[in-house]
Amino acid sequence: MFDDGTPIFQQLADQICGDVLRGGYAEGDKVPSINELAVFYRINPATANRAVASLTDKGILLKQRGIGMFVAEGARQLIAAERRSELLEKHVAPLVAEAKALDIDTETLINLIREESAS
């Protein structure tokens with residue numbers, strides 16, 4: 001599950017966010033505890049805690065002392081907005097710049113994307 005390119009805590013946080021986006025966890029759902037995450041993924045509990053803390057800081061997870069951790073209201077929208085921004089920055093902007101360098105106009109680029117998504 002984890003690769004060497006990104007810190008494990010970040011990969012775990014991304015996994016939890018992906019689960020929220022795909023509907024694995026709905027807003028208000030309880031998520032596994034830090035210890036459960038550590039055992040399941042075979043990682044240090046401090047690493048799991050760091051992932052959860054980062055999601056708590058972003059307002060994606062809520063800790064309810066003595067009860068557990070839950071997906072916050074509006075978490076899916078927060079994650080989607082952050083991922084859209086990353087998509088634009090990491091993929092769309094470079095794609096558009098490369099298309100311009102290759103003299104591919106916007107309409108042709110859109111048609112290429114449509115063709116690719118249809119296959």
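Cluster membership for Val39 and Val52, using ILVMFWY side-chain heavy atoms within less than 4.5 angstrom, is not shared. Linking Ile, Leu, Val, Met, Phe, Trp and Tyr residues whenever their side-chain heavy atoms come within less than 4.5 Å leaves Phe70 and Leu12 in two separate clusters. By the criterion of side-chain heavy atoms lying less than 4.5 angstrom apart, applied directly or through intervening Ile, Leu, Val, Met, Phe, Trp or Tyr residues, Val20 is not grouped with Leu62; the two fall into different hydrophobic clusters. No continuous path of ILVMFWY side-chain contacts below 4.5 Å connects Ile79 to Leu87, so the two sit in separate hydrophobic clusters.
For Lys63, the salt bridge (charged side-chain N to carboxylate O under 4.0 Å, His left out) criterion is met by no residue, not counting sequence neighbours. Evaluation of the ring-ring contact (aromatic ring centres under 6.0 Å, His included) rule for Phe2 yields Tyr41 as partners, not counting sequence neighbours.
Atoms CE and CD, on Met69 and Glu36 in that order, are 8.0 Å from each other to the nearest 0.5 Å. Asn111 CG to Thr106 OG1: the interatomic distance, rounded to the nearest 0.5 Å, is 11.0 Å. Distance check: Arg42 CZ to Thr47 OG1 gives 15.5 Å after rounding to the nearest 0.5 Å. In this structure, CD1 on Ile104 lies 8.0 Å from CD on Glu98, to the nearest 0.5 angstrom. A distance of 7.5 Å separates CD1 in Ile60 from OG in Ser54, rounded to the nearest 0.5 Å. Within the model, atoms CG of Leu112 and CD of Glu107 stand 10.5 Å from one another, a figure rounded to the nearest 0.5 Å.
Residues Phe9 and Arg50 come closest through the heavy atom pair CE2-CZ, 3.4 Å. In terms of heavy atoms, Ala13 sits closest to Ala51 at N-CB, 3.9 Å. The two residues Gly59 and Ala72 have their closest heavy-atom pair at O-CB, 3.2 Å. Contact detail for Ile43 and Leu37: the closest heavy-atom pair is CG1-O, 4.3 Å. Annotation for Ile34 and Ala48: closest pair O-CB, 3.7 Å, computed over non-hydrogen atoms. In this structure, Glu82 and Lys58 approach most closely via the heavy-atom pair OE2-NZ, 3.3 Å.
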Notebook entry, point to check: After noting the C-alpha distance and the side-chain angles of Lys100 and Asp103, does the key distance pass the salt bridge (charged side-chain N to carboxylate O under 4.0 Å, His left out) rule?
Noted result: CA-CA 5 Å; Lys100 285 180 182 178; Asp103 292 324; over 6 Å; no

Note to self: side-chain contact (heavy atoms from CB on, under 4.5 Å), that's the test. Do Cys17 and Arg83 meet it? Break it down for me.
What the structure shows: CA-CA 10 Å; Cys17 287; Arg83 293 222 173 156; 3.6 Å; yes

Checklist line | Pair Leu109-Leu95, side-chain contact (heavy atoms from CB on, under 4.5 Å): steps then yes or no | finding: CA-CA 9 Å; Leu109 181 60; Leu95 174 65; 4.1 Å; yes

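Residue-environment remark: CD (Glu89) stays at or below the threshold of 12 foreign heavy atoms within 6.0 Å. A 6.0 Å sphere centred on CD of Gln64 holds more than 12 heavy atoms belonging to other residues, nucleotides or ligands.
A heavy-atom distance below 4.5 Å is found between the side chains of Ile110 and Arg114.
A side-chain donor-acceptor contact under 3.5 Å links Asp19 and Gln15.
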